[in-house]
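Notes to accompany the following structure.
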Amino acid sequence: MNKNPYTILGVTENATEKEIKIAYRELAKKYHPDNYEDSPLKDLATEKMKEVNEAYDEIQKMRKEGRSYSSYSSQNAYSGGGNSYSSNTSNTSGSYTYTNYPEVRNYIKSGRLYDAESILKGVPADNRKGEWYFLYGMIYYRRGWTDQAYNYFRIACEMEPQNQEFRGVFDRMNSQRSYSSPEYRRVHHNSECSTCDICSAICCLDTCCECMGGDCIPCC
Amino acid sequence: MFGYVNIDKGELKVKDYESYKAVYCSLCKTLGKEYTFLSRFLLSYDMTYFAMLLMSGEDGKLCSKKGRCRFNPAKTCNYLLKDNTQEPLSKASALTVITAYYKLRDNIDDSGFFLKLPLYLLLPFMKAIKKKASRKYPAYEKICGEMYASQKNAESQKLSIDECAEPTAHFLAEILSVEAKDDNEERIYMELGYHLGKWIYLADAADDFEKDLKKKRFNPLVSNVSAEREEALTRADELMSQSLCLLTAAHSLLCFKHFGDVLDNIILLGLRLRQQNIIYPEKGKRK
């Protein structure tokens, strides 16, 4: 798929370097992997992030070579790398070193929640340690049962306070529970100084001048 | 359970507010045309959001023309032209009518003897228009019917908050996923619909907390958290915030050809504003 990289970033072809950087940063904040760490939509967000990164790198490359998008050959494939954001290395399934339930983890990863749950339900009550509660919490979370999930993650952390994986997920739950919406992008117009700003600055300058014996504006 | 999914008007540009109103007025017109004049009273902001979501992916331009408001002839409204908006408006109208019918059934079940009587008078009319809507869009009727039965069941058994919210959450997830154009969009709509449905359920529970407590009606916050307002609403705030976080993440993955700014306003600002007004009414309502 060869989309116009300017369209992907939501800017015009004659956007300034600053406008492109702002657009890129806003999209990177939106699709950052950290926002989708435990989400069932993580792969879609990763794809979007990759598309945005590639579009940004493509624009940098085109501008460096002094070309516009229309003169750029459609055979040129996007190339990755460069100064773009890369995904955070932390990953729920990758951050554990040992697991008692590899099959359960695979089922959760592939969305087979009932299969994962039936394995966990078969574990005798006195064998249910921290990881059992953690994985059951993850099943509830994927199902959308956030209240139950939170309780189970809390129990897992209480049972194994040193476990970084459990602590990481529980901390994310806490930050989601105190979530406040980001501001959506507003169009900022080019003028950075209003008339009021200029007038106030001149008045301040005049006051400072008068303190030092001069007079910038004689009439005030 | 209606009216929570709305704009933050103060943060919306005038041109976007005008296009939002055009959808609202067009939905009113479609309801009147397809289901009698009285159906216009069922109009809601939530269904306006649904109509906009359906129209957001349409190819081509969306145009409008001026017309007179049926309720206030002195007022001029913008109405969307039929071309690529007819079907989304028709779907939103059908869903309005079907959900209103089940809402009426629910109110009858929850009401005392004297309030039941006038509600029963409305039932034949609502049933008739619901039947018409169900013939056009049987999938909506099936999903709504299942939601109504599951909700009754969950609340009679006094289950956990998640289990009580599940029917409404699942309902909206299914409704949106029916409208998805491809597999990826279906996954996003399922996640968005689920957490939006859950958020709406919790908003309704928090908003009706004191009323339900007084009238001894079922409320998931009373049965699972506390009969103390502050404790119950703090938990509602946490759960709503978490659902808001998750539905925002899903919404962010969608690309809109139309109404992008209005939809962003609703999801990123409108829902948060409504939540603040419900949980902290003492801070003064901002509309």
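Numbered from 1 within each chain, the chains take letters A, B, ... in sequence-line order. Because the structure is a prediction, the values reported are computed rather than measured. These numbers come from the heavy atoms of this one structure, side chains and all, not from hydrogens, waters or symmetry mates.
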With a 4.5 angstrom heavy-atom cut-off, which part of A250(B) approaches chain A: side chain, backbone, both or neither?
both
Does E210(B) pair with R217(B) as a salt bridge, N-O distance under 4.0 Å?
no
With a 4.5 angstrom heavy-atom cut-off, could you sort out which part of S160(B) is near chain A: side chain, backbone, both or neither?
side chain
Do R154(A) and N151(A) meet the criterion of a side-chain donor-acceptor pair at a distance under 3.5 Å?
yes
For V123(A), does its backbone N or O pair with a side-chain atom of R128(A) as donor and acceptor, under 3.5 Å?
yes
Looking at CG of L271(B) and OG1 of T248(B), how far apart are the two atoms once the value is rounded to the nearest 0.5 Å?
7.0 Å
What part of L246(B) is in contact with chain A, defined as an atom under 4.5 angstrom from a non-hydrogen atom: side chain, backbone, both or neither?
side chain
Option that, when pairs with chain B are counted at under 4.5 Å, heavy atom only, ranks first among Y150(A), Y36(A), Y31(A):
Y36(A)
Against chain B, work out which of A149(A), S39(A), P40(A) has the most heavy-atom pairs shorter than 4.5 Å and name it.
P40(A)
Candidates Q176(A), R172(A), Q148(A) - the one meeting side-chain hydrogen bond (donor to acceptor under 3.5 Å, both in side chains) with Y141(A):
Q176(A)
Of the backbone (N, CA, C, O) and the side chain (C-beta and beyond), which part of I161(B) lies under 4.5 Å from a heavy atom of chain A, both, or neither?
side chain
Heavy-atom contact with chain A under 4.5 Å, split by part of A249(B)
both
Side chain / backbone / both / neither for N174(A) at chain B, heavy atoms under 4.5 Å
neither
Mind checking whether Y140(A) and Y152(A) have parallel, tilted or perpendicular rings, split at 30° and 60°?
perpendicular
